[in-house]
Amino acid sequence: MRVAPSILSADFGNLKEEILTVQEAEWLHIDVMDGHFVPNITIGPLVVKALRPHSKQVFDTHLMISEPEKYFDPFIEAGSDQITFHVETVENPASVIDTLHEKGVKAGISIKPKTPVAEIGQFLEKLDLVLVMSVEPGFGGQAFMPESLEKIQTLKRIKDEKGYHFDIVVDGGINDETAKLCKKAGADVMVAGSFIFKSEDRSARIDEVRG
Ligand code: DX5
Ligand code: ZN
């Protein structure tokens, strides 16, 4: 089980020190919001660039923005290793995945709680990760939606049956308890924001999420 602390719940006045406290986690999850696809505005490429020299982690960039293709180059140049866009935001997901691969980064698709797995079925073969949202995107600290467990199970079944390589990543409301449920359902990576950053002992929280 890999862990991706979400810096959305970190102290933005101290971001460098904050990310240094979670270096034992494999990924760093960066939530990008545009005030249009979601009702909140967060992080741009400048912040990614400023953090890049201070971490060897995989920079896992979650674009909750309209017209995500416009921003691929700035985020990649800033140091993003993988880019996840929302299937709800593009016309032709297959070609967007190809674009990311041509640019040399891993490609992920995210689905909101109300978007069924069937919407992305035809793209699974190409994907490096699927990000299952277990809260409505936009804010940290919300409660886990148990309906997402079924989606994880479905993805896991397809992945095993077809021999696909994508990681199943869960994002929203993850704590020690919900991480256990997601792991059992077949998830590979846990994104956790408030559970990790709202505690003084980040290492303990990362261990608890890892299970
Ligand atoms: C929500 C973001 C999440 C968020 C998770 O839109 O995509 O990554 O940071 O925060 P918690 O873990 O607090 O639910
Ligand atoms: Zn996220």
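Just so you know, residue 1 is the first one in the sequence shown, and it goes up from there. As the structure lists them, so they are numbered: ligands from 1, and atoms in each ligand from 1.
- Side chain to side chain, Glu67 and Thr89 fail the donor-acceptor criterion of an N or O pair below 3.5 Å.
- Applying the ring-ring contact (aromatic ring centres under 6.0 Å, His included) criterion to Phe37, with sequence neighbours excluded, gives His86.
- A donor atom on one side chain and an acceptor atom on the other are not found under 3.5 Å apart for Glu69 and Thr99.
- Between Asp31 and Thr42, the side chains place no donor N or O within less than 3.5 Å of an acceptor N or O (distance only, hydrogens not considered).
- With hydrogens and angles left out, the side-chain atoms of His62 and Thr84 include no donor and acceptor closer than 3.5 Å.
- When heavy-atom distances to ligand 1 are checked against 4.0 Å, the residues falling inside are Ser6, Leu8, His29, Asp31, Met33, His62, Met64, Met133, Pro137, Gly138, Phe139, Gly140, Gly141, Asp171, Gly172, Gly173, Val191, Ala192, Gly193, Ser194, ordered by chain and number.
- Within the structure, every pair that satisfies the side-chain hydrogen bond (donor to acceptor under 3.5 Å, both in side chains) test and touches residues 43-56, not counting sequence neighbours, is listed here: Gln23-Ser55, Arg52-Asp81, Ser55-Gln57.
- Just one of Ile19, Asp60, Val58, Thr61 meets the side-chain contact (heavy atoms from CB on, under 4.5 Å) condition when paired with Leu28; it is Ile19.
- Legend: protein N/O/S atoms lying under 2.8 Å from the Zn ion (ligand 2), waters omitted, number 4.
- A donor atom on one side chain and an acceptor atom on the other are found under 3.5 Å apart for Asn175 and Thr178.
- The shortest non-hydrogen separation linking Met145 to Glu136 is SD-N, 4.2 Å.
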